[in-house]
> 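One structure coming up, written as C-alpha cells, with questions to follow.
Chain A is the first sequence line, chain B the second, and so forth, proteins listed ahead of strands; every chain is numbered from 1. The analysis underlying the following values was restricted to heavy atoms, covering all of them including side chains, and did not include hydrogens, waters or symmetry mates. Just so you know, these numbers come straight off a predicted model, no measurement behind them.
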Number of protein chains: 2
Amino acid sequence: MEHFTELKATKIFSFSSEFECQAMMFCFKTRFKTFDKNQKIVSQGEPMNDVALILKGSANVENIDSLGNISIVMRLKKGDVYGVESAYARDDVYKDSLIATEKTLVMFMDSHRLITPCENRCKRHDLVVKNLMRMMAESNIRLLDKLTHMAKKNIRDKVLSYLYSISQKQQSTYFEIPFNVTELANYLSVDRSALSNELSKLKKEGLIDYEKKQYHLIKKDKYDE
Amino acid sequence: MEHFTELKATKIFSFSSEFECQAMMFCFKTRFKTFDKNQKIVSQGEPMNDVALILKGSANVENIDSLGNISIVMRLKKGDVYGVESAYARDDVYKDSLIATEKTLVMFMDSHRLITPCENRCKRHDLVVKNLMRMMAESNIRLLDKLTHMAKKNIRDKVLSYLYSISQKQQSTYFEIPFNVTELANYLSVDRSALSNELSKLKKEGLIDYEKKQYHLIKKDKYDE
DNA sequence: CCGATTTTGTTGTGAAAACAACACTTTTTA
DNA sequence: TAAAAAGTGTTGTTTTCACAACAAAATCGG
C-alpha cells in the first residue's frame with residue numbers, strides 16, 4: 001500500500017494494520033500529493049473540503065489580513081493535521097493558507113466523511129476520532145501557549161517566553177527552533193529588524209546564545225520557576 | 001433531579017433524559033457548587049482533577065505570569081467547559097485560574113472518568129465525548145480568532161479586529177461585548193489607559209460608538225470584506 | 001442610601017517598537 | 001558555480017505604547 005509506512009508513523013493511524021488503513025482511506029476518500037518548498041497546500045479563502053495530514057516535511061499555517069500583513073499562526077510537522085476544528089465547526093472556506101516549508105507529502109481526507117459517523121462502520125473509525133480528539137487537545141494547548149507569549153508587552157519578554165517554552169518542551173537549554181528570524185518575527189507578530197536587534201542585545205548581555213536556528217538559554221532569570 | 005434544567009440546556013448534555021443524566025453524573029462523579037462574583041472556581045497551579053462546566057453565570061479564564069501580569073485568556077459563558085484539553089493532555093495542574101464574573105453555578109466532573117471509555121457503558125457516554133469534541137473545536141476557533149486580534153501591531157487595529165469579529169458573530173453592527181474596558185485591555189494585552197484613549201479617539205472620529213458594554217460599528221473601513 | 005471601592009477618561013513623559021534604508025551574508029537555483 | 005534571491009544585522013527616525021498620576025463617574029456592599 002502506498003505510503004503505509006508514513007501513515008503508520010502518525011498518531012492518527014498508528015494503531016492500524018495495513019488492511020484497516022486501506023479501508024479507512026476508502027472511507028475518507030484520501031488523496032496524496034507532494035509539494036515543493038513554498039508551495040501552497042491549501043489557500044486561505046478557498047472552499048474547504050479536506051483535512052490535510054502532513055506525512056513528510058513540514059508547513060506553516062499562515063494568515064494574511066485585509067491589509068496584507070502575514071502572520072504565521074503555527075508550524076506543522078510530520079503527523080500534524082490542519083483543518084479538523086474547521087471541519088467540526090462546518091466552516092465552508094479555509095481560514096488560513098498552508099505553505100510547505102520544505103518538500104512535503106500531504107494526505108487529504110474528506111472533511112465531511114471524517115467527522116461523520118461511518119455507516120460502513122470501518123472498524124477503527126471510532127479510534128481515529130479519538131485520536132483526532134487528542135490532537136485537537138494538543139493544538140488547543142499549543143495555541144494557549146502561543147497566547148502567553150503574545151500577551152507579553154515587549155519583544156524581549158515575548159521572545160524569552162517563547163524560547164523558554166521550547167526549552168522546557170525539549171528538556172534542555174540547548175535546542176533548535178523551527179523558525180528563522182524572519183519567520184519568528186511573523187510568528188510573534190513583531191517587526192523583523194526589531195526582533196533581530198533584541199536577539200543581538202540578549203546575546204551581548206549573555207542571556208542567550210544562538211547560531212541560525214540553534215539556541216542556548218544561558219540565564220533563565222525571571223522565567224525560572 | 002438537581003439542576004437538570006440547566007444541564008439539559010448545555011450542549012454537552014442536551015440530548016439526555018433525566019435518567020441518563022443521573023447515570024452519567026454518577027459515572028463522572030459530579031459535584032455542584034455556586035460561586036460569588038470574583039471567587040476563584042479553580043486556581044492556577046493547583047492539582048487538576050476536575051473539568052468545570054458552567055451551568056449558570058460566567059467566568060474569566062485568567063493567567064498570571066511570573067511577573068504578576070494578569071491576562072484574560074477568554075470568557076466562559078453558560079454551557080462552556082474549562083479543562084477538557086488539559087484533561088486529554090493529562091496535565092497535572094491547572095494552567096489558569098477560573099474566576100467567576102458574577103454569581104455562577106459550576107458542575108465539576110472527574111477529568112479522568114470523563115476521558116476514559118466507560119466500563120459501565122453508560123449509554124450516552126460516547127455522545128458526550130462527541131459533544132466535547134465539538135466544544136474543543138469551537139474553543140480552538142475562538143483561540144485562533146483571538147490570535148488574529150493579538151497579531152495586529154497597534155491597539156487601534158487590535159480593538160477594531162476584535163469588535164469586527166464580535167459584530168460578525170452577532171450579525172449586527174450593534175452588539176454587546178462581555179468585557180468592560182479594563183477587562184478588554186487584559187484580554188487584548190494592552191495598557192488600560194491606552195485602550196481607553198484609543199476608544200475615545202475612535203468615537204471622536206466617528207468610526208465607532210459605545211456606551212458601557214454596548215458598541216456600534218459605524219464604518220468598518222478596511223475591515224470590510 | 002451613603003461611604004468605600006472600582007472603573008474610567010485624560011494628560012504628559014519616557015521607553016519601546018515599527019518602519020525604512022542599506023550593506024552584508026547565506027541560500028537558492030538555473 | 002555564478003548570479004539572483006532571500007535573510008540578517010545595524011542604524012536613525014517617527015509613531016505608538018506603557019506607565020504614572022489624578023479627578024470624575026459608576027458600582028458595590030453594608
Side-chain angles (χ1 to χ4, degrees), chain A residues 35-39 57 60 62 65 67-72 99-103 149-162 177-205 208-215, chain B residues 35-39 60 62 65 67-72 99-103 149-161 177-205 208-215:
Chain A
F35 296 84
D36 289 330
K37 179 167 180 172
N38 293 326
Q39 255 197 299
N60 282 338
E62 300 189 359
D65 71 11
L67 297 157
N69 304 308
I70 293 176
S71 164
I72 297 182
I99 315 280
T101 52
E102 58 187 304
K103 199 173 182 200
H149 313 142
M150 307 254 309
K152 303 287 187 246
K153 296 239 174 86
N154 54 51
I155 294 185
R156 168 170 292 228
D157 286 347
K158 282 191 174 92
V159 69
L160 283 177
S161 169
Y162 171 73
I177 70 172
F179 301 121
N180 62 32
V181 176
T182 303
E183 290 174 315
L184 182 57
N186 284 333
Y187 178 74
L188 296 175
S189 283
V190 298
D191 180 72
R192 179 201 61 80
S193 69
L195 175 60
S196 175
N197 201 242
E198 196 62 50
L199 285 169
S200 295
K201 279 188 203 161
L202 285 167
K203 191 193 269 191
K204 274 196 200 97
E205 292 173 26
I208 68 171
D209 195 16
Y210 62 94
E211 168 93 53
K212 300 274 157 60
K213 297 180 175 180
Q214 304 294 332
Y215 284 76
Chain B
F35 295 85
D36 288 330
K37 179 167 180 169
N38 293 327
Q39 255 197 300
N60 283 338
E62 299 189 0
D65 71 13
L67 298 157
N69 304 307
I70 294 176
S71 163
I72 297 182
I99 316 279
T101 51
E102 60 188 302
K103 198 171 183 201
H149 313 142
M150 306 252 312
K152 303 288 187 244
K153 295 240 174 85
N154 54 51
I155 295 185
R156 167 170 293 227
D157 285 348
K158 282 191 174 93
V159 69
L160 283 178
S161 169
I177 70 172
F179 301 122
N180 63 31
V181 176
T182 304
E183 290 173 314
L184 182 57
N186 285 332
Y187 179 74
L188 296 175
S189 283
V190 297
D191 181 71
R192 179 200 61 78
S193 69
L195 175 60
S196 175
N197 200 243
E198 196 62 49
L199 286 169
S200 295
K201 280 187 203 163
L202 285 167
K203 191 193 269 191
K204 275 198 200 96
E205 294 173 27
I208 67 170
D209 195 17
Y210 62 94
E211 167 94 56
K212 302 275 158 60
K213 298 180 175 179
Q214 305 293 331
Y215 284 76

> Can you tell me how far P of C:dT8 sits from NZ of B:Lys201, to the nearest Å?
19 Å
> Given C:dT8, C:dT11, C:dA18, which nucleotide is nearest the side-chain atoms of A:Ile155?
C:dA18
> Check DNA chain C against residues 180-188 of chain A and give the residues with a non-hydrogen atom under 4.0 Å, in numerical order.
none
> What is the distance from CD1 of A:Ile70 to P of D:dA6, rounded to the nearest Å?
12 Å
> B:Asn154 CG to C:dA16 C1': how many Å, rounded?
14 Å
> Are the charged groups of A:Glu198 and A:Arg156 less than 4.0 angstrom apart, N to O?
yes
> Given side chains that start at C-beta, do those of A:Lys203 and A:Tyr210 come closer than 4.5 Å, heavy atoms only?
yes
> Indicate, with a heavy-atom threshold strictly under 4.0 Å, whether A:Leu199 touches base, sugar-phosphate, or nothing.
nothing
> Which angle, to the nearest 10 degrees, lies between the helix axes at the two ends of the helix from C:dC1-D:dG30 to C:dA30-D:dT1, each defined by five pairs?
80°
> Using 30° and 60° as the class boundaries, would you call the ring planes of A:Tyr162 and A:His149 parallel, tilted or perpendicular?
perpendicular
> Can you measure A:Glu102 atom CD to C:dT28 atom C1' for me and round it to whole angstrom units?
15 Å
> Does any non-hydrogen side-chain atom of B:Ile208 lie less than 4.5 Å from one of B:Leu160?
yes
> Do B:Asp209 and B:Tyr215 come close enough that some side-chain heavy atom pair is under 4.5 Å?
no
> Determine whether A:Lys37 and A:Thr101 make a side-chain contact, defined as any pair of heavy atoms from C-beta on separated by less than 4.5 Å.
no
> Measure CZ/A:Arg156 against P/C:dA16 and give the value in whole Å, please.
9 Å
> Under the salt bridge (charged side-chain N to carboxylate O under 4.0 Å, His left out) test, which residues partner B:Glu211, sequence neighbours left out?
none
> Using atom CG of B:Asn38 as one end and atom P of C:dT5 as the other, report the distance to the nearest whole Å.
15 Å
> side-chain hydrogen bond (donor to acceptor under 3.5 Å, both in side chains): which pairs involve residues 185-194 of chain B, sequence neighbours left out?
B:Asp191-B:Ser193
> If you draw the axis of the six-membered ring of A:Phe35, does the NZ or CZ of A:Lys103 fall within 45° of it and under 6.0 Å from the ring centre?
no
> Stepwise, does the side chain to side chain contact (heavy atoms under 4.5 Å, CB included) test hold for B:Asn180 with B:Lys213?
CA-CA 6 Å; B:Asn180 63 31; B:Lys213 298 180 175 179; 4.1 Å; yes
> So, using salt bridge (charged side-chain N to carboxylate O under 4.0 Å, His left out) as the criterion, who are the partners of A:Glu62 when residues are at least two apart?
none
> What's the NZ-C1' distance between A:Lys152 and C:dA17, to the nearest Å?
18 Å
> Within the sub-3.5 Å range, which N or O atoms of nucleotides 19-27 of chain C have a protein N or O partner, and how far apart are they?
residue: C:dA20; atom: N6; partner: A:Ser193; partner atom: OG; Å: 3.3

> Rounded to whole angstroms, how far apart are CG on B:Asn197 and C1' on D:dA21?
15 Å
> Base, sugar-phosphate alone, or nothing: which one does A:Ser200 contact when heavy atoms must sit under 4.0 Å apart?
sugar-phosphate
